[in-house]
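The next block holds one structure in the form of structure tokens; read it before the comments.
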Amino acid sequence: MEAGVREILQSIVPFNTLNRDILEEIAPQLHLRHYKKGEYVFRQGTPSLGTLFVLVEGLAEVTVTGERGTESVVGYRRPHEFFGETAFFTGNTYSGSVRAREPMVCLVIPREVFERLMYNHHGVARFFDQVLLDRMRSLYEEIVNEQSFEAYGASESSLFRRRVSELMSSPVVTCQPSDPVTVVARLMSERNISAVIVVNRQGEPAGLITEKGLVAKLIAQPRNPEDCNAGMVMETNLVSLPPDAYLHQALLAVIKGGVKHLAVVEEKKLVGIVTLVDLVKARSTGTLWAVHRIDDQQTLAGLAETGREVDLLLNALVAEKAPVPVIFEVMSEMHERLTRKVITLCEEEMEKDGYGPPPLPYCWLNLGSAGRREQTLRTDQDNAIVFADPPPDQASIVTNYFLRLGEKVVEGLAQCGFTKCRGMVMASNPKWCRSVSDWRKIIDIWIKRLDPAEVRMLTIFLDFRPVYGEALLAKSLWEQFFTSFRTPNPASHLLTDDELQYRPPLGFRNNIITEKSGPHRDEINLKTAAGVHIVNCLRIFAINYGITETSTLGRLRELVTLGAIGQDEAEYIQAAYETIMMFRIRENLRKHQQGKEPDDYINPYRLSKREQDILRGSLSVIVRLQKLTNKFFTDPWRSR
């Protein structure tokens with residue numbers, strides 16, 4: 001029998017990578033089990049048997065029993081394939097049943113044998129890590145695709161399936177840089193088009209002429225049209241995409257560039273044009289106009305009204321089943337554009353009120369989820385101002401100017417739906433509105449002294465992102481952080497200790513631990529009990545590796561590039577984070593539409609069985625990440 005087991009292992013990946021001595025050692029600890037046709041190996045809902053099954057002969061069918069008691073076959077396992085791995089790894093009850101479709105033989109591997117192999121042999125660990133990752137991804141995709149999105153206003157066509165080539169107009173009406181402006185204007189009138197792309201002799205796009213641009217270049221700055229050619233009045237900030245780009249990429253380009261026309265370019269040659277109107281028509285919604293309505297507003301009241309249209313864009317993205325990173329990127333671009341417009345209007349108000357323009361260069365910083373570019377619905381404000389060092393005799397005047405500006409912007413953002421921070425982490429607070437020298441001093445104090453309150457302040461500030469003004473001022477603050485972290489101090493260890501005070505809500509046998517009393521009884525907070533742990537751990541890694549990127553997934557990518565976190569581990573972390581954020585976005589949006597306060601809470605036991613499985617899997621990844629963080633960033637002496 002042992003020889004037979006050894007031969008079976010030699011034919012199955014990944015056990016075939018083990019040497020003969022190891023196979024000889026483990027073979028006596030494994031055994032073969034026979035099943036008759038129709039016999040169950042295990043049933044749905046029963047506790048894990050603590051064994052991994054490998055099918056040697058026959059055919060197994062995987063079944064799931066629905067809420068009405070109907071059993072359905074959802075898959076098959078054939079010779080040399082595994083089953084029971086999810087409950088085996090997690091300790092959960094079985095999420096489905098497995099029975100013999102025909103007489104079959106299984107190799108049964110006990111948990112203790114398998115755990116030794118995983119610990120001592122990288123090839124085995126890598127293989128099964130990929131198995132679990134593939135299952136997590138598959139469950140995530142199934143859950144997203146099976147949602148009913150009518151509540152979010154599902155659109156007729158998907159931005160995530162259709163390509164730019166399906167929507168572009170071709171051939172494109174073009175002109176040469178040397179063509180007279182009068183000829184170009186006549187061409188636009190005759191063709192009833194709003195723009196003409198300027199191309200060079202090689203057919204490569206060089207610029208764009210629009211109706212608005214002609215007015216600005218010829219009337220606002222009086223010129224004789226007869227003396228002007230296309231090259232003199234064209235806009236050179238032409239945004240282009242390849243024809244195989246998806247429409248969601250076109251949407252993002254429109255938002256980022258603040259443009260209404262996109263050139264479609266292949267191998268440097270112009271092949272088509274896509275307009276904002278085309279994108280609007282493709283989606284049967286006017287929410288894309290919000291990006292340009294933001295720029296056109298001249299009052300805070302008008303901006304507040306336009307800002308509400310941004311929420312409709314989130315509905316559309318969820319309805320389109322957009323991936324979480326795309327939702328973050330699109331919504332963050334919109335919110336940052338809204339913030340920049342509020343600041344511009346407030347600067348104008350300061351001049352009208354007699355305070356004049358900003359006396360020195362400054363930079364507006366977004367903190368928290370906005371700094372990480374992970375806002376979806378508008379939440380409470382976390383922001384700060386850093387301004388250039390004033391002359392000593394002007395320090396008070398300059399500081400008062402930026403505090404007053406901070407107050408105006410905070411009020412303006414509040415009008416636009418960004419509620420004020422209860423903890424007063426806002427640029428209207430003198431603690432969060434400082435000169436660059438003052439900021440560098442306080443950063444050094446935070447890092448070196450690190451009492452519990454300062455650990456919190458440091459954690460908040462470490463996600464800062466410049467969104468308006470002189471970005472070099474923000475860069476100097478990163479330099480201060482990295483300089484202070486390089487000197488001997490316990491900052492990394494204290495930040496890690498602070499994070500490890502709290503564990504994800506996962507109990508014995510991987511059951512999800514919910515709140516036991518109060519208004520959120522039987523619920524968990526997806527932000528503070530789950531997502532924040534991934535944010536915190538990756539922030540600790542990023543600071544220690546000199547990474548200025550602030551988005552969680554961006555930090556993860558850079559850590560993989562630097563070799564700080566392995567690719568396999570990173571894929572787990574990304575899948576877990578996207579899963580948690582997907583649940584959070586969905587639940588918060590649902591509450592928002594019902595007129596309730598989005599609060600990040602969810603009752604996990606109201607989720608489907610598969611949704612519970614993937615949420616448990618995501619929480620277990622957090623446990624792994626906390627262990628990894630603890631391994632690198634906790635002083636050994638602190639645990640003695």
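Only this structure's heavy atoms are used, side chains among them; waters, hydrogens and symmetry mates stay out.
Asp599 places a side-chain N or O within 3.5 Å of a backbone atom of Tyr601 that can act as its donor or acceptor partner. Side-chain atoms of Asn544 come within 3.5 Å of backbone atoms of Ile540 as a donor-acceptor pair (strictly under, hydrogens ignored). With hydrogens and angles ignored, the 3.5 Å screen pairs no side-chain donor or acceptor of Asp600 with any backbone N or O of Leu526. In terms of modelled atom types and a separation under 3.5 Å, the side chain of Gln249 and the main chain of Tyr246 share a donor-acceptor contact. Within the 3.5 Å criterion, the main-chain N or O of Ser369 finds no donor-acceptor partner in the side chain of Gln375. Remark: side-chain polar atoms of Arg503 are not paired, donor with acceptor, to backbone N or O of Gln626 under 3.5 angstrom. Side-chain atoms of Gln381 come within 3.5 Å of backbone atoms of Phe418 as a donor-acceptor pair (strictly under, hydrogens ignored). Between the side chain of Asn429 and the main chain of Met424, a donor-acceptor pair closer than 3.5 Å is present. With hydrogens and angles ignored, the 3.5 Å screen pairs no side-chain donor or acceptor of Ser618 with any backbone N or O of Thr579. Distance alone, capped at 3.5 Å, places no donor-acceptor pair between the Lys341 side chain and the Leu303 backbone.
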Step by step, would you call Ile534 with Ile622 a side-chain contact (heavy atoms from CB on, under 4.5 Å)? CA-CA 6 Å; Ile534 297 178; Ile622 296 173; 3.8 Å; yes
Worked verdict on Arg586 versus Glu611 for salt bridge (charged side-chain N to carboxylate O under 4.0 Å, His left out): CA-CA 13 Å; Arg586 188 182 69 179; Glu611 288 175 329; 2.9 Å; yes
Verdict with supporting geometry, Ile602 and Leu607, side-chain contact (heavy atoms from CB on, under 4.5 Å): CA-CA 9 Å; Ile602 189 172; Leu607 300 174; 3.7 Å; yes
For side-chain contact (heavy atoms from CB on, under 4.5 Å), just list the numbers for Asn383 and Val409, CA-CA rounded to whole Å, side-chain angles, deciding distance to a tenth of an Å, and then say yes or no. CA-CA 10 Å; Asn383 46 55; Val409 176; over 6 Å; no
Please determine whether salt bridge (charged side-chain N to carboxylate O under 4.0 Å, His left out) holds for the pair Asp444 and Lys441, giving the CA-CA distance in whole Å, both sets of side-chain angles, and the decisive distance to 0.1 Å. CA-CA 5 Å; Asp444 199 48; Lys441 289 176 184 175; over 6 Å; no
Please evaluate residues Glu349 and Leu300 with respect to the criterion side-chain contact (heavy atoms from CB on, under 4.5 Å), reporting the C-alpha separation (whole Å), side-chain torsions for both, the decisive distance (0.1 Å), and the verdict. CA-CA 10 Å; Glu349 276 193 22; Leu300 285 173; 3.9 Å; yes
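Proximity of Val532 to Tyr502: side-chain heavy atoms (C-beta onward) are nowhere separated by under 4.5 Å. Inter-residue side-chain proximity for Cys346 and Leu405 is flagged as met; some heavy-atom pair is nearer than 4.5 Å. Side-chain contact between Tyr545 and Leu559 is present, with at least one heavy-atom pair separated by less than 4.5 Å. Residues Ile547 and Phe541 have side chains not in contact (no heavy-atom distance under 4.5 Å, counting atoms from C-beta outward). For the pair Met457 and Ile460, the minimum side-chain heavy-atom distance is below 4.5 Å. Between Trp446 and Thr459, the closest side-chain pair of non-hydrogen atoms is not below 4.5 Å. Side-chain atoms of Arg616 and Ile512, non-hydrogen and from C-beta on, do get closer than 4.5 Å to each other. Taking the side chain as every heavy atom from C-beta outward, Leu345 and Thr299 never approach each other to under 4.5 Å.
Between Leu538 atom CG and Arg555 atom CZ the span is 8.0 Å, to the nearest 0.5 Å. The distance from the SG atom of Cys537 to the CZ atom of Phe632 is 12.5 Å, given to the nearest 0.5 Å. Rounding to the nearest 0.5 Å gives a distance of 5.0 Å between CG of Leu458 and CG of Leu495. Expressed to the nearest 0.5 Å, how far CG of Leu367 lies from CE of Met426 amounts to 11.5 Å. Between Phe402 atom CZ and Met350 atom CE the span is 8.5 Å, to the nearest 0.5 Å. For the atom pair CD (Glu374) and CD (Glu329), the distance works out to 12.0 Å, reported to the nearest 0.5 Å.
Nearest approach of Pro504 to Val623, heavy atoms of both residues: CG-CG2, 3.6 Å. Nearest heavy-atom pair, Trp439 versus Ile385, reported as atom, atom and distance to 0.1 Å: NE1-O, 2.9 Å. In plain terms, the two heavy atoms of Leu615 and Pro604 that are nearest each other are CD2-CB, 4.1 Å. The two residues Ser428 and Val410 make their nearest non-hydrogen contact at OG-CG2, 3.9 Å. Listed here is the closest heavy atom pair of Ala388 and Leu473: N-CD1, 4.0 Å. Of all heavy-atom pairs between Pro325 and Glu578, the closest is CG-OE2, 3.5 Å.
In this pair, Trp478 and Phe464 present their aromatic rings parallel. The plane angle is below 30°, not in the 30 to 60° band. Between Tyr362 and Tyr468, the ring planes are tilted. Angles from 30° to 60° get that label. Aromatic ring orientation, Tyr401 versus Tyr355: perpendicular (interplanar angle above 60°, classes split at 30° and 60°). Between Tyr577 and Phe328, the ring-plane angle classifies as tilted under the 30° and 60° cut-offs.
With 3.5 Å as the limit, one finds no donor-acceptor pair spanning the side chains of Glu499 and Thr629.
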Without placing hydrogens or testing angles, list every side-chain donor-acceptor pair under 3.5 Å for residues 393-400, not counting sequence neighbours.
from	atom 1	to	atom 2	distance (Å)
Thr399	OG1	Ala395	O	2.8
Asn400	ND2	Ser396	O	3.2

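Within the structure, the salt bridge (charged side-chain N to carboxylate O under 4.0 Å, His left out) test picks out the following pairs touching residues 414-438 (sequence neighbours left out): Glu411-Lys420.
Within a 6.0 Å radius of CZ in Arg404, no more than 12 heavy atoms belonging to other residues, nucleotides or ligands are found.
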